[in-house]
Amino acid sequence: MTMIADILIDSLRTAILITGMVVVMMLMIESTNILSRGRWFSSLGKSSFGQIVLSALLGSIPGCMGGFASVSLYSHGMISFGALVAMMIATSGDESFVMLGMFPGTALKITAILFVIAVVAGWLVDRLSGGKGRVSAALCHEMAIHDEDEPAEHTHTKRHLNWKRVVLFIGLAVYAAALAFGMLEHEHEGGEEIEMSVTSGLLDEAWMNIMFACLSVIMLGVIVFASDHFIDEHLWHHIVCTHLPKVFAWTFGILLLLAVGNAYLDVESWVSSNIPLMILLASLIGIIPESGPHLIFVTMFATGAVPVSVLMASCISQDGHAALPLFAESKKAFLYAKAINFLLALAVGFAIYGFSLL
């Protein structure tokens, strides 16, 4: 009973952490779009290659924050499918923290290589698919600029202390406080030694959470001074009512399913000294939209048990929690992107392994 309760609490805590990050990113994107009258994101859509580079850079940020940003942009039709694929290739989720802690020099080199691979792969996907890929980039209604958002109207719009504004403010304030005080930090599998490495350095998870808490505080100011129309239409109906329930439900459900599976299944026992098989396993396990199972290959590489070909296959195929919001928004986009990542992971892993035999 205790183990079941622990699984439920940990899955719920992580789901709240992820959902909150996605919502904050969406709030920031929505606010930026309205404040710039749509010009900022319109200019983003003018360069397909620029979208790919930006998305790959976001994916290179340790953790899932950059990945959530790319998924948010894609879900609003603001970046192409190739740019989304680039992010998913470039990101290694929370494993980035572990790699930076255990072998920082090699980790930075791997990050740089992943970035190059991501940009090339994203460009090829867009070129072969005509710019948007096999799945439409517009997963939700465009973030339209309403008449009430125009300067002439916006300056005369009254601000009232209605219940939606209060709920948004309290919810975001509680989330920011929980991040700042470490109440939402999730456990990393792999032992106490790995936990020590994750929490060292400037780019650790705790520092990232504090930074995200600061972004949440900025959004509190937006909620206070925004117009009633902006609160009702853009933040409440569009983000809270449309996106938040979907993202939380799918995230919590998948995390709970994976946690139950991990409690009764020892993934590490599958690993053998057969390098080709391990490349295949690393690519397959990378399909799981979760940070945790992939740490097996990071720790084995750190101890010299597996070569870099296995680690590269794992890094390309997996993307931590970043793909969970995408799965909630579009199952097709998730499956297509994961299929591309899986095939590329196999190709790169076996190519590096083949060169090592020469």
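In this chain, residues are counted from 1 in sequence order.
Looking at heavy atoms from C-beta onward, Ile239 lies out of side-chain contact with Leu244 at the 4.5 angstrom threshold. Annotation: side chain of Phe248 is in contact with side chain of Ile16 (closest heavy-atom distance under 4.5 Å). Side chains of Leu17 and Arg13 form no contact here, defined as non-hydrogen atoms less than 4.5 Å apart. With a 4.5 Å cut-off on side-chain heavy atoms, Val310 and Ile275 count as touching. Contact check for Cys241 versus Trp236: side-chain heavy atoms found under the 4.5 Å cut-off. Here the side chains of Leu27 and His234 are not in contact, with every heavy-atom distance at 4.5 Å or above. Looking only at side-chain heavy atoms (C-beta outward), Leu184 and Phe212 stay at 4.5 Å or farther from each other. Taking 4.5 Å as the limit, every side-chain heavy atom of Lys164 sits out of range of all side-chain heavy atoms of Leu235.
Leu161 is not connected to Ile231 by any chain of hydrophobic side-chain contacts under 4.5 Å among Ile, Leu, Val, Met, Phe, Trp and Tyr, and they are in different clusters. Hydrophobic clustering of Ile, Leu, Val, Met, Phe, Trp and Tyr side chains at less than 4.5 Å, counting indirect connections, keeps Ile170 apart from Val222. Clustering ILVMFWY residues whenever any of their side-chain heavy atoms sit less than 4.5 angstrom apart, transitively, puts Ile79 in a cluster other than the one holding Val53. Residues Leu58 and Phe115 fall into different hydrophobic clusters, defined by Ile, Leu, Val, Met, Phe, Trp and Tyr side chains chained together at heavy-atom separations under 4.5 Å. Leu73 and Leu57 fall into different hydrophobic clusters, defined by Ile, Leu, Val, Met, Phe, Trp and Tyr side-chain heavy atoms under 4.5 Å apart, directly or through other members.
A cation-pi geometry, defined here as NZ or CZ lying under 6.0 Å from the six-membered ring centre and within 45° of its normal, holds between Lys331 and Phe327.
Within the model, atoms CG of Leu256 and OG1 of Thr14 stand 11.0 Å from one another, a figure rounded to the nearest 0.5 Å. With values rounded to the nearest 0.5 angstrom, Ser11 atom OG is found 10.5 Å from Asp6 atom CG. Atom CZ of residue Phe103 and atom CG of residue Leu311 lie 5.0 Å apart, to the nearest 0.5 angstrom. Atoms CD1 and CG, on Ile285 and Leu280 in that order, are 9.5 Å from each other to the nearest 0.5 Å. How far CE of Met99 is from CD1 of Ile110: 5.5 Å, rounded to the nearest 0.5 Å. Atom-to-atom distance recorded for Phe334:CZ and Ile287:CD1 is 8.5 Å, nearest 0.5 angstrom.
Judged purely by atom type and a 3.5 angstrom limit, Tyr74 has no side-chain atom pairing as donor or acceptor with the backbone of Ala83. Proximity of a side-chain donor or acceptor of Thr91 to a complementary backbone N or O of Ile61 within less than 3.5 Å is not detected. In this structure, the side chain of Ser330 does not engage the main chain of Leu326 through any donor-acceptor pair within 3.5 Å. Panel note: side chain Ser75, backbone Ser72; a donor-acceptor pair is recorded below 3.5 Å.
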key: side-chain contact (heavy atoms from CB on, under 4.5 Å) evaluation trace for Val119 with Phe49   = CA-CA 8 Å; Val119 171; Phe49 186 74; 3.7 Å; yes
request  = Would you please test Asp319 and Lys338 for salt bridge (charged side-chain N to carboxylate O under 4.0 Å, His left out) and show each step?
outcome  = CA-CA 9 Å; Asp319 37 53; Lys338 276 294 188 179; 3.1 Å; yes
key: Ile223 vs Leu172, side-chain contact (heavy atoms from CB on, under 4.5 Å): CA-CA, chis, key distance, verdict   = CA-CA 10 Å; Ile223 291 173; Leu172 196 57; 3.8 Å; yes
task = Carefully, step by step, assess Tyr336 and Val125 under the rule side-chain contact (heavy atoms from CB on, under 4.5 Å).
result = CA-CA 11 Å; Tyr336 281 133; Val125 167; over 6 Å; no
query = Checking side-chain contact (heavy atoms from CB on, under 4.5 Å) for the pair Leu114/Met312: CA distance, chi angles, key distance, verdict?
reply = CA-CA 8 Å; Leu114 288 174; Met312 284 295 296; 4.0 Å; yes
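Between Leu346 and Ser283, the closest heavy-atom pair is CD2-OG, 3.6 Å. The minimum heavy-atom distance linking Ser92 with Gln318 is given by the pair O-NE2, 2.8 Å. Taking every heavy atom of both residues into account, Phe342 and Ser317 meet most closely at CA-OG, 4.3 Å. Of all the heavy atoms in Ala313 and Gly349, the pair that sits closest is CB-CA, 4.4 Å. Annotation for Phe297 and Met278: closest pair CE2-O, 4.2 Å, computed over non-hydrogen atoms. When all heavy atoms of Ala121 and Ile89 are compared, the closest pair comes out as CB-CD1, 3.5 Å.
Around atom CE of Met183, no more than 12 heavy atoms belonging to other residues, nucleotides or ligands sit under 6.0 Å away.
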